[in-house]
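Along the sequence shown, the residues carry numbers beginning at 1. This structure is a prediction, so every number in the text was calculated from the model and none was measured.
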Amino acid sequence: MIWLSAQSVSRPLKTIGILAVTQIVSWGTLYYAFTVLAAGMQRDLGLAPELVFGAFSWGLLTAGLAAAPAGILLDRYGGRHVMASGSLACAIGLAVLSQAGGAVSLYIAWTLIGAAMALTLYEAAFATINRKVETGSRQAMSTLTLFGGFASTLFWPLTASMESALGWRDTYLCFALMQVLLCMPLHLWLDADPVPKVRLDRRKEGSGHRLKQALRHPAFWTLALAFSASTFVFSAMSAHLLPLLERLGLSLSTAVLLASLIGPMQVAGRVGEMTLGRHAQAQTIGMLAFAMLPAALLVLGLFGSKAWMAALFCILYGMSNGIMTILRGAIPQALFGREDYGAIAGAMAGPSLIAKAAGPFAAALLLRPEGGTTPLLAVLLAVSIASLVFYLRAVQMARAVDRESL
């Protein structure tokens with residue numbers, strides 16, 4: 001009995017430990033490294049910035065389109081083999097990218113990488129946790145995002161050092177080797193999923209929604225709109241925050257210092273969710289996270305020229321962003337159950353990833369060199385308010401359906 005208890009505790013820890021390492025490496029190599037390597041790619045390939053960044057956006061769009069099919073695969077076959085296959089696909093995509101000679105090969109590489117993202121990043125990891133961690137899966141997701149938050153901290157300086165020594169091509173080739181020599185074996189080391197009979201018994205009890213049921217649920221698309229709207233804001237701001245703060249009257253050094261608060265605040269938000277909010281419903285935590293985003297933008301729009309108010313914006317914005325990552329995994333499970341979780345969460349994540357690809361481009365159109373900051377901030381504030389309204393409406397609709405089913 002003691003051995004069985006120790007084994008039941010060690011399995012979730014092993015799952016979280018493996019996924020923590022692979023999430024850091026995957027986010028670092030597939031997402032954050034591009035920010036550092038993009039300039040070198042532009043010079044070497046002789047392509048306009050719009051084409052290079054457009055290829056990256058196309059990769060995110062591909063990930064959005066592949067999210068639901070990836071979720072179906074995760075539900076059917078489990079994370080061990082699907083995520084291992086995703087790591088292999090990552091390695092192939094990064095290797096192709098390292099050999100790109102022009103726009104066509106660049107876009108082919110990002111198509112492969114985008115599909116691999118759907119098989120390896122947070123949505124895939126959350127689906128794996130949902131299947132492997134019977135109790136406390138939300139806490140496991142929170143812990144995973146806490147580790148994942150270090151990806152940029154580790155890979156921005158690592159990528160810069162590697163590019164300086166090796167160039168962008170060999171850097172991406174090394175990242176391809178990391179995927180196939182580190183991430184793929186770790187994913188294959190994941191334990192087998194629980195016996196399928198347990199999941200079949202739950203299905204008979206009606207404790208979860210199938211994918212078709214979720215897609216017909218009144219709250220599903222409203223919640224997808226809420227996450228898509230907030231993702232659009234976060235994506236736009238992450239790409240244009242420094243020039244935006246400068247336009248508001250802050251010096252570049254001050255803007256960089258304030259922007260550096262966002263990362264620690266993301267971690268602080270996740271720690272707060274794991275400690276202070278661990279007994280609260282995910283829906284309740286969501287209300288706070290969605291409300292902090294328009295509050296942050298309102299502070300920036302009205303008082304952003306003052307450094308201490310811009311710092312308050314970074315604090316609220318960072319905490320909201322940090323908690324929102326957890327909610328993308330926890331809310332679909334809380335509202336629609338554990339059955340078909342991967343497919344449901346993937347279908348819900350698809351529009352968000354498309355919004356993530358569109359955010360930087362749309363913000364660039366609004367933040368023109370000859371214009372001010374008002375158009376961009378007004379649009380982002382309106383979108384963030386819409387995300388809060390959509391979220392509150394989705395929760396209300398879900399609760400109404402639950403009351404009717406009693």
Between the side chain of S26 and the main-chain N/O of Q23, is any donor-acceptor distance below 3.5 Å?
no
Kindly say whether the aromatic ring centers of W168 and F34 come within a distance under 6.0 Å.
no
Work out which heavy atom in S235 is nearest to a heavy atom in G359; give both atom names and the distance.
OG-CA, 4.1 Å
Test applied, ring pair (Phe, Tyr, Trp, His ring centres under 6.0 Å); reference residue, Y32; option that passes from F155, F150, W156:
W156
Sidechain-backbone polar pair: H187 side chain, M83 backbone, donor-acceptor under 3.5 Å:
yes
May I ask you to decide if Y317's main-chain N or O and S320's side chain share a donor-acceptor pair within less than 3.5 Å?
no
So, is the end of the K356 side chain (NZ or CZ) under 6.0 Å from the ring centre of F56 and within 45° of the ring's axis?
no
Carefully, step by step, assess L293 and L388 under the rule side-chain contact (heavy atoms from CB on, under 4.5 Å).
CA-CA 9 Å; L293 184 56; L388 173 60; over 6 Å; no
Assess the side chains of T143 and R270: does a donor N or O sit below 3.5 Å from an acceptor N or O?
no
Can you list the steps and then say if F390 with L223 is a side-chain contact (heavy atoms from CB on, under 4.5 Å)?
CA-CA 6 Å; F390 284 135; L223 189 59; over 6 Å; no
Of all the heavy-atom pairs spanning G86 and T120, show the shortest one and how long it is.
C-CG2, 3.4 Å
Any side-chain donor paired with an acceptor under 3.5 Å for R216 and Q213?
no
When you measure from the side chain of Q266 to the backbone of T325, do you find a donor-acceptor pair of N or O atoms at a distance under 3.5 Å?
no
Measure from the side-chain N and O atoms of H240 to the backbone N and O of P360, and report whether any donor-acceptor pair falls under 3.5 Å.
yes
Spell out, as yes or no, whether a donor-acceptor pair under 3.5 Å connects the side chain of Y107 to the backbone of L51.
yes
So does D191 pair up with K132, basic N to acidic O under 4.0 Å?
no
Stepwise, does the side-chain contact (heavy atoms from CB on, under 4.5 Å) test hold for V180 with I92?
CA-CA 9 Å; V180 77; I92 294 171; over 6 Å; no
When you measure from the side chain of S251 to the backbone N and O of T254, does any donor-acceptor pair fall under 3.5 Å?
yes
Do S387 and S384 have a side chain donor and acceptor closer than 3.5 Å?
no
Run through M162, M41, Q99 and flag the one making a side-chain contact (heavy atoms from CB on, under 4.5 Å) with Y172.
M41
Using the side-chain contact (heavy atoms from CB on, under 4.5 Å) rule, pick out the option among M141, E273, M274 that qualifies with L146.
M274
Can you check whether L19's main-chain N or O pairs, donor with acceptor, with T22's side chain at less than 3.5 Å?
yes
Restricting to non-hydrogen atoms, name the atom on A118 and the atom on A70 that form the minimum distance, rounded to 0.1 Å.
O-CB, 3.5 Å
Would T159 and F175 count as a side-chain contact (heavy atoms from CB on, under 4.5 Å) here? Give the steps.
CA-CA 10 Å; T159 303; F175 288 162; 3.5 Å; yes
Give the minimum heavy-atom separation between A115 and A66, together with the two atoms involved.
CA-CB, 4.4 Å
Does a donor on one side chain and an acceptor on the other come within less than 3.5 Å for W110 and T62?
no
Look only at the side chain of N130 and the backbone of Y341, and say whether a donor-acceptor pair between them is shorter than 3.5 Å.
no
Between E163 and R169, does any NZ, NE, NH1 or NH2 come within less than 4.0 Å of an OD or OE carboxylate oxygen?
no
Exceeds 12 heavy-atom contacts within 6.0 angstrom, atom CZ of F147
no
A357 versus L61, closest heavy-atom pair with distance
CB-N, 4.1 Å
Looking at every heavy atom in both L258 and A311, which two are closest together, and how far apart are they?
CD2-CB, 3.7 Å
Heavy-atom distance under 4.5 Å between the side chains of L241 and I262, does that happen here?
yes
Would you find a donor on one side and an acceptor on the other, under 3.5 Å apart, between the side chain of R131 and the backbone of G79?
no
